[in-house]
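The block underneath contains the structure these notes are about, expressed in structure tokens.
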There are 2 protein chains.
Amino acid sequence: MEEKLEALCESVQNADDVGGLQHATEGLRDHYGIAHIVYHWVNSVGERFGAGTYSQDWVDRYVEKDYLRMDPVILGCLQRFNPVDWKELDWSSRAARAFFREAVDFGVGNQGLSIPIRGPSGQFALFTVSDNSDDFTWATFIDRNMRDLMIVAHEFNKKALEFEQGGDSAPAPALSPRELTAMTYLAKGMNRAQAAKEMEISEHTLRVYIEAARHKLGALNTTHAVARALSRGLIVV
Amino acid sequence: MEEKLEALCESVQNADDVGGLQHATEGLRDHYGIAHIVYHWVNSVGERFGAGTYSQDWVDRYVEKDYLRMDPVILGCLQRFNPVDWKELDWSSRAARAFFREAVDFGVGNQGLSIPIRGPSGQFALFTVSDNSDDFTWATFIDRNMRDLMIVAHEFNKKALEFEQGGDSAPAPALSPRELTAMTYLAKGMNRAQAAKEMEISEHTLRVYIEAARHKLGALNTTHAVARALSRGLIVV
DNA sequence: ACCAGCCTCGCTATTTTGGGGGAGGGTAGA
DNA sequence: TCTACCCTCCCCCAAAATAGCGAGGCTGGT
């Protein structure tokens with residue numbers, strides 16, 4: 001079993017483009033003998049890409065209908081931390097139920113598990129396994145393979161990150177301690193007067209920090225600067 | 001080996017407070033025969049807590065000196081995705097090197113590996129293993145145990161999430177599509193006029209969205225609202 | 001069928017930010 | 001050493017955001 005996992009990880013590691021990941025998902029599907037494996041990834045500039053075994057028809061349909069905006073799997077995972085079984089999601093709306101029926105018609109399994117992972121710059125990835133089976137069979141499958149799947153999901157993420165860094169990487173400008181403190185207070189909702197009082201400096205000085213931070217971050221205004229500082233993991237609210 | 005991992009995970013699962021996690025870190029340390037295991041967590045409202053085997057002296061010192069703001073492990077992991085060996089971090093500044101020497105003096109290992117994980121609402125967790133050893137021994141240890149450690153780290157996260165939800169959980173307010181779009185444009189640095197033009201609505205209407213978002217997010221001003229929307233994963237820049 | 005919530009538009013006055021200048025002392029890295 | 005960057009303080013004025021009112025049409029869920 002250990003060796004199998006090793007081989008599966010390697011099939012991901014050996015990918016050198018999105019096509020390679022695609023191939024890896026097919027290998028995984030065959031290995032586990034289930035219906036689908038899908039890896040979906042949003043990079044730090046909001047571009048999406050995916051690799052997986054869903055039929056092209058379904059992918060086209062999904063894009064055409066902009067299902068991304070209402071897919072309970074996506075919406076649910078954006079709010080979660082842990083791997084989530086599709087059954088735990090909110091399918092209560094009419095649109096969601098219709099979407100699910102349509103998905104099953106297009107060959108997506110009636111059972112699914114999605115593992116969400118987040119990166120430091122707004123990256124968001126979803127590793128999904130899906131199959132057609134009853135609740136008990138599915139629960140057994142998950143119980144057996146959850147950990148391996150998490151490891152494999154992680155390999156996918158590593159690969160996706162490599163691809164992104166292969167592109168243009170932002171060098172992440174360093175802010176001075178006072179600048180960071182200032183940005184943190186602003187991110188907490190203070191205005192300049194409050195933040196200055198908190199930092200025990202004049203409002204003028206505070207302004208200097210904010211402007212310095214703005215310039216370093218290439219931001220157009222304070223809100224933008226705070227947003228960038230947050231996205232880049234420079235500060236935490 | 002498998003059974004050992006199972007037992008370790010259970011020791012985490014059985015924790016029903018932070019003290020329980022503390023106990024679990026001690027068990028892990030003894031199991032692996034290394035110097036330290038530390039789990040550090042920032043929840044969605046910015047409160048931090050930790051469980052681990054560092055000496056109280058070091059923890060006190062760390063807090064007193066506000067090392068959180070300059071600790072290269074924290075700063076580095078805030079920018080990363082994958083588990084990171086401490087050797088890969090940026091120790092070039094004098095302050096960082098002094099910090100490292102001091103840490104070693106306080107019993108922290110000279111080798112370390114930290115696994116960062118992010119949640120949907122700005123939660124950020126760090127699972128760290130540390131020991132005193134040479135590069136080769138450490139590399140071997142990591143190579144052998146990385147995957148198990150990732151699984152264990154995940155158990156910690158699951159537990160931390162439970163604790164948070166047990167307390168007062170922010171119900172994650174849902175923003176309407178237009179509100180989200182508005183917040184996204186603001187996060188990109190547009191002012192109200194530009195965002196309104198982009199959305200093809202009047203500036204007044206845009207203002208309504210911003211205020212609605214502000215109220216839903218409990219934010220004091222626009223910058224705060226954008227910061228919260230970002231930290232909670234509602235928008236991506 | 002109804003209600004909640006979304007989307008759209010309007011006004012005025014006050015508060016907060018942003019842009020443009022400077023200036024001097026302190027400290028860490030090359 | 002010495003240079004670059006950090007920290008701190010000051011002025012004036014234009015531009016932008018916020019607070020407080022309000023109103024009507026449309027859609028989705030119960």
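Just so it is clear: chains get the letters A, B, ... in the order the sequence lines come, proteins before strands, and each one is counted from 1.
- Taking each heavy atom of Lys216(A) and Glu179(A) in turn, the nearest pair found is NZ-OE1, 2.8 Å.
- Side-chain N/O atoms of Ser202(A) include one lying less than 4.0 angstrom from OP1 or OP2 on dC9(D).
- Residues forming a side chain to side chain donor-acceptor pair (under 3.5 Å) with Tyr209(A) (at least two apart in sequence, or on another chain): none.
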Which protein N or O atoms sit under 3.5 Å from an N or O of nucleotides 22-26 of chain D?
none

Would you give me the side-chain donor-acceptor pairs under 3.5 Å for residues 99-106 of chain A, sequence neighbours excluded?
from: Glu102(A); atom 1: OE1; to: Tyr67(A); atom 2: OH; distance (Å): 2.4
from: Glu102(A); atom 1: OE2; to: Arg61(A); atom 2: NE; distance (Å): 2.2
from: Glu102(A); atom 1: OE2; to: Arg61(A); atom 2: NH2; distance (Å): 2.8

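- For the residue pair Asp90(B)/Ser92(B), the side-chain donor-acceptor check at 3.5 Å is satisfied.
- In this structure, Met199(A) atom CE and dC9(D) atom C1' are separated by 14 Å, rounded to whole Å.
- Heavy atoms only, all atoms of each residue included: Met190(A) and Gln194(A) are closest at CA-OE1, 3.3 Å.
- Note on Thr205(B): a base of the nucleic acid sits closer than 4.0 angstrom, heavy atoms only.
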Side chain to side chain contact (heavy atoms under 4.5 Å, CB included), that's the test. Do Arg178(B) and Ile201(B) meet it? Break it down for me.
CA-CA 10 Å; Arg178(B) 295 299 261 175; Ile201(B) 54 177; 3.2 Å; yes
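- Side chains of Asp134(A) and Gln111(A): a donor-acceptor N/O pair is absent below 3.5 angstrom, by distance only.
- With sequence neighbours excluded, no residue forms a side chain to side chain donor-acceptor pair (under 3.5 Å) with Thr184(A).
- Rounded to an integer number of Å, the gap from Leu220(A) CG to dA16(D) P is 13 Å.
- In this structure, the side-chain contact (heavy atoms from CB on, under 4.5 Å) partners of Leu220(B), at least two apart in sequence or on a different chain, are His224(B).
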After noting the C-alpha distance and the side-chain angles of Trp86(A) and Thr128(A), does the key distance pass the side chain to side chain contact (heavy atoms under 4.5 Å, CB included) rule?
CA-CA 10 Å; Trp86(A) 289 358; Thr128(A) 296; 3.4 Å; yes
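- Counting non-hydrogen atoms under 4.0 angstrom, Arg214(B) reaches the backbone sugars and phosphates but no base.
- Between Arg207(B) and Thr222(A), it is Arg207(B) whose nearest contact on DNA chain C lies nearer the 5' terminus.
- Here the range on DNA chain C touched by chain A, meaning any atom under 4.0 Å from one of its heavy atoms, is dT16(C) to dG20(C).
- The side chain of Lys216(A) contributes an N or O atom lying less than 4.0 Å from OP1 or OP2 of dC6(D).
- Residues satisfying the side-chain contact (heavy atoms from CB on, under 4.5 Å) test with Lys197(A), not counting sequence neighbours, are none.
- One can place CD of Glu211(A) at 15 Å from P of dC6(D), the figure rounded to the nearest angstrom.
- Taking Asp143(B) as the reference, nothing meets the side chain to side chain donor-acceptor pair (under 3.5 Å) condition, with sequence neighbours excluded.
- At whole-Å resolution of the value, NE2 in His215(A) and P in dC6(D) are 14 Å apart.
- Rounded to 10 degrees, the angle separating the terminal helix axes of the helix from dA1(C)-dT30(D) to dA30(C)-dT1(D), each built from five base pairs, is 90°.
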Just the table, please: protein N/O against nucleotides 27-30 of chain D N/O, every pair under 3.5 Å.
none

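- Between Trp58(B) and Tyr62(B), the ring planes lie perpendicular to each other; the angle is over 60°, past the 30° to 60° tilted range.
- Near-neighbour residues of DNA chain D inside residues 178-196 of chain A, defined by a heavy atom below 4.0 Å, number-ordered: Arg178(A).
- Listed here is the closest heavy atom pair of Val129(A) and Ile34(A): CB-CD1, 3.9 Å.
- Regarding Glu203(B), its CD atom lies at a distance of 7 Å from the P atom of dA17(D), rounded to whole Å.
- When all heavy atoms are compared, the tightest approach of Ala213(A) to Met183(A) is CB-SD, 3.7 Å.
- Rounded to an integer number of Å, the gap from Tyr209(A) OH to dC6(D) C1' is 7 Å.
- With sequence neighbours left out, Asn132(B) forms a side-chain contact (heavy atoms from CB on, under 4.5 Å) with Asn110(B).
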